[in-house]
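Here's the structure, in structure tokens; my notes come after.
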Amino acid sequence: MTDEWCAQPERWSVRDDDGTAVADFVQVRGLLRGHDFWWAADLRPARDADPARAAAVVRRRLPGWMAELRVTGPQDAFARLLLDASLSHGRYAHHYVWDFGVRAPDPSWSDPPLPPELALVAPHEVSPRRLFRIHRRAYPPTHPDHPAGDFDRLAQLMGGGLFGGLLGGSVVAVRGRRPVAGIMIGHENGDSSLAAAVLPRAGHSVADLALTGPAVVDLFRDPEDSLPGLGGLLLRRALAVTAKEGGPSLSLTVTEGNPARRLYERTGFAHSHSTVALRLPL
């Protein structure tokens with residue numbers, strides 16, 4: 001039986017008995033192993049709603065749902081109340097964006113200087129098997145995103161079968177024929193039904209279903225053989241190329257505890273929001 005997903009990007013309201021909207025979310029419905037699966041993505045309280053009342057209504061209206069909360073900080077009472085009552089909780093993620101309308105990347109980043117032994121090639125020029133070997137080394141058991149994924153997903157990503165196809169900022173750094181690092185840029189919401197099918201498996205936030213535009217869907221390097229600063233070079237190149245192609249912005253999602261978060265902030269990405277996944281009580 002094939003798993004199916006359907007995302008509805010418009011926001012749904014959670015209402016109290018008197019009709020007052022206390023929260024809203026992006027609804028995702030899935031069929032997993034023959035069972036209906038409901039996900040309240042980007043769940044957040046209504047403006048000026050009482051956190052305790054909003055949390056209580058959400059628990060009553062969405063029993064047993066999976067949800068992903070927007071977390072504004074450690075004092076977020078709405079998130080804390082739902083987390084404390086949750087049956088389980090998962091990924092805590094931080095979302096970043098570089099808005100080209102606010103700050104344009106340096107155009108020279110699109111053609112960075114490289115050591116003579118390195119070259120940049122399009123992902124389709126590299127064997128997925130070769131790339132997968134370094135992809136796994138980039139996410140060891142101590143990494144918050146371990147395991148990184150499977151070979152089939154990476155092969156589809158490189159071939160353009162996920163996220164609406166790869167954009168021009170995608171590139172692989174090679175030493176001879178051996179890949180040492182890679183960055184993949186795709187559309188978070190090029191096709192909402194496709195994105196809904198791949199985002200949970202790809203380690204990305206389900207809340208990204210509500211986003212549109214170019215996004216970093218993978219950035220990794222071989223820890224055993226790569227030039228210091230190579231990840232930042234690939235990221236800056238992706239910014240310049242995406243802006244040159246007319247994209248309005250470049251976004252990304254990073255898991256709490258991933259050291260790459262420091263790289264994104266040093267490069268100039270702005271934190272937009274954080275999310276945490278959980279299962280609401282029955």
Side-chain angles (χ1 to χ4, degrees), residues 4-32 36-73 75-83 85-86 89-97 99 101 163-164 186-215 217 248-253 270-281:
E4 297 178 358
W5 293 76
C6 179
Q8 300 176 331
E10 69 273 11
R11 301 195 69 83
W12 290 63
S13 294
V14 181
R15 298 184 180 275
D16 206 345
D17 294 338
D18 62 3
T20 302
V22 298
D24 57 57
F25 61 94
V26 175
Q27 179 173 280
V28 180
R29 182 182 183 185
L31 182 66
L32 301 181
D36 275 334
F37 179 91
W38 293 93
W39 195 303
D42 195 23
L43 175 64
R44 44 186 164 168
R47 187 184 299 274
D48 299 326
D50 175 71
R53 178 189 182 195
V57 175
V58 165
R59 290 179 57 183
R60 190 167 71 248
R61 298 297 190 198
L62 306 177
W65 279 46
M66 292 299 296
E68 189 170 60
L69 304 177
R70 281 209 177 206
V71 181
T72 59
Q75 304 306 314
D76 189 328
F78 175 76
R80 175 48 54 196
L81 287 165
L82 290 181
L83 279 168
S86 66
H89 58 86
R91 189 187 189 211
Y92 181 28
H94 306 285
H95 306 262
Y96 286 81
V97 65
D99 186 339
F163 298 100
H187 287 285
E188 286 286 26
N189 199 21
D191 179 330
S192 63
S193 61
L194 177 64
V198 302
L199 277 170
R201 297 174 175 80
H204 289 265
S205 168
V206 179
D208 290 338
L209 293 168
L211 303 176
T212 57
V217 295
S249 61
L250 186 64
S251 62
L252 58 87
T253 299
H271 179 257
S272 61
H273 63 284
S274 298
T275 55
V276 63
L278 56 84
R279 185 181 178 190
L280 294 168

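Below, each value reflects all heavy atoms present in this structure, side chains not excepted, and no hydrogens, waters or symmetry copies. Computed from a predicted structure; not experimentally measured.
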Where is the tightest heavy-atom contact between [X] and [Y], given as atom of each residue plus distance?
{"X": "Ala40", "Y": "Leu62", "result": "CB-CD1, 4.2 Å"}
{"X": "Ser272", "Y": "Val97", "result": "CB-CG1, 4.4 Å"}
{"X": "Leu280", "Y": "Val58", "result": "CD1-CG1, 3.9 Å"}
{"X": "Gly64", "Y": "Arg279", "result": "O-NE, 3.4 Å"}
{"X": "Val22", "Y": "Ala49", "result": "O-CB, 3.8 Å"}

What do the steps show when you test Thr253 against Arg91 for side-chain contact (heavy atoms from CB on, under 4.5 Å), and what is the final call? CA-CA 11 Å; Thr253 299; Arg91 189 187 189 211; 3.6 Å; yes
Mind checking what makes side chain to side chain donor-acceptor pair (under 3.5 Å) contact with Arg61, not counting sequence neighbours? Asp17
I'd like to check the side chain to side chain donor-acceptor pair (under 3.5 Å) partners of Ser274; sequence neighbours left out, ordered by chain and number. His94, His271
For Arg15 and Thr20: C-alpha separation, side-chain torsions, deciding distance, then whether side-chain contact (heavy atoms from CB on, under 4.5 Å) applies. CA-CA 5 Å; Arg15 298 184 180 275; Thr20 302; over 6 Å; no
According to salt bridge (charged side-chain N to carboxylate O under 4.0 Å, His left out), who are the partners of Arg53, at least two apart in sequence or on a separate chain? Asp16, Asp18
Give, for atom CG of Leu43 and atom CZ of Phe78, the distance between the pair rounded to the nearest 0.5 Å. 4.5 Å
Without hydrogens or angle criteria, can the side chains of His95 and Thr275 be said to hold a donor-acceptor pair below 3.5 Å? yes
Holding to side-chain contact (heavy atoms from CB on, under 4.5 Å), I want the full list of residues that pass it with [X], two or more places apart in sequence or in another chain.
{"X": "Leu81", "answer": "Ala52, Ala55"}
{"X": "Ala56", "answer": "none"}
{"X": "Ala79", "answer": "Leu69, Val71, Asp76"}

How about Asp42 and Arg70: do any of their side-chain heavy atoms sit closer than 4.5 Å? yes
Between Pro214 and Pro248, is any pair of side-chain heavy atoms under 4.5 Å apart? yes
What orientation do Phe25 and Trp65 show, parallel under 30°, tilted 30 to 60°, or perpendicular over 60°? perpendicular
Any chance you could lay out the side-chain contact (heavy atoms from CB on, under 4.5 Å) test for Arg44 and Asp24, step after step, and finish with the verdict? CA-CA 6 Å; Arg44 44 186 164 168; Asp24 57 57; 3.8 Å; yes
